[in-house]
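Basis for what follows: all heavy atoms, side chains included, without hydrogens, waters or symmetry-related copies. By convention here, the first residue in the shown sequence is residue 1.
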Amino acid sequence: MPSTDYVIIIGAGILALLDGFFLGLMPMNSERLTPSQRTWSQVASLIGIGLVVVLILIGQDTASWAAIAAMIAGIIIGIVPPVKTVMQTRFAWLQPEVESDRAAAGKKQSHGKQTGDKSSPAGKSKKKN
């Protein structure tokens with residue numbers, strides 16, 4: 001095996017490990033992802049899939065398997081609770097969205113819209129006054 005193959009395997013493995021680690025640090029429940037986290041999670045997933053597909057297309061089967069294994073290892077490392085807690089403490093961007101943030105966002109979206117309809121008891125009581 002030529003030395004370029006080793007360089008490709010090591011480079012792809014490091015990139016996949018970092019990609020998997022990043023994905024492992026994201027909240028596992030998609031409802032707790034912030035909009036920014038949702039976007040970057042999709043980008044990181046696309047990078048991981050793209051890396052494996054490119055490696056397969058250029059005939060680097062060993063490197064593609066190494067990338068898949070490294071990505072799985074990165075995800076496992078990222079979801080370990082102490083590691084995840086330390087990283088969320090260090091980087092506030094990794095904090096999951098809390099319930100009160102979602103409720104506030106829902107109120108902002110519904111602000112200005114008519115909430116009571118004519119068939120509801122609340123709508124009828126407003127008409128009588």
Side-chain angles (χ1 to χ4, degrees):
M1 193 181 303
S3 61
T4 55
D5 286 349
Y6 289 117
V7 170
I8 292 172
I9 291 169
I10 292 169
I14 291 171
L15 183 63
L17 182 72
L18 293 174
D19 191 42
F21 182 66
F22 177 75
L23 288 171
L25 293 174
M26 293 286 140
M28 289 296 155
N29 186 349
S30 64
E31 293 176 357
R32 299 199 63 201
L33 288 170
T34 64
S36 177
Q37 288 173 339
R38 189 171 290 114
T39 300
W40 282 105
S41 176
Q42 291 172 351
V43 169
S45 299
L46 186 64
I47 289 171
I49 293 169
L51 175 67
V52 172
V53 168
V54 167
L55 289 171
I56 290 171
L57 290 176
I58 64 173
Q60 294 291 330
D61 294 335
T62 307
S64 66
W65 281 110
I68 291 169
M71 201 172 312
I72 291 169
I75 289 171
I76 291 170
I77 293 168
I79 62 174
V80 172
V83 174
K84 196 170 200 165
T85 303
V86 166
M87 295 303 288
Q88 286 177 344
T89 304
R90 174 97 167 97
F91 301 104
W93 184 83
L94 292 170
Q95 291 288 334
E97 187 175 51
V98 292
E99 190 69 33
S100 62
D101 291 345
R102 275 189 275 159
K107 286 181 183 177
K108 285 180 185 177
Q109 289 176 354
S110 66
H111 183 67
K113 292 183 181 177
Q114 198 172 20
T115 55
D117 72 340
K118 294 177 183 177
S119 63
S120 71
K124 290 180 183 178
S125 65
K126 286 182 182 178
K127 279 187 167 184
K128 289 180 182 178
N129 290 336

Atom pair [atom1]/[atom2] of [X] and [Y] - distance to nearest 0.5 Å:
X   : Y   : atom1 : atom2 : value
L17 : I75 : CG    : CD1   : 10.5 Å
L51 : Q60 : CG    : CD    : 11.0 Å
L55 : I9  : CG    : CD1   : 9.5 Å
E97 : S36 : CD    : OG    : 11.0 Å
L23 : D19 : CG    : CG    : 5.0 Å

What about [X] and [Y], same hydrophobic cluster or not, with Ile/Leu/Val/Met/Phe/Trp/Tyr joined at side-chain heavy-atom distances under 4.5 Å?
X   : Y   : answer
L25 : I47 : yes
F21 : M28 : no
M71 : I49 : no
F22 : V83 : yes
I72 : W65 : yes

Check whether [X] reaches the backbone of [Y] with its side chain - one donor and one acceptor, N or O, closer than 3.5 Å.
X   : Y   : answer
Q37 : Q95 : yes
S41 : R38 : no
K84 : M26 : yes

How close do [X] and [Y] get, counting heavy atoms only, and between which atoms?
X   : Y   : value
L33 : P27 : CD2-CD, 3.5 Å
A67 : A12 : CB-O, 4.2 Å
G13 : A70 : O-CB, 3.3 Å

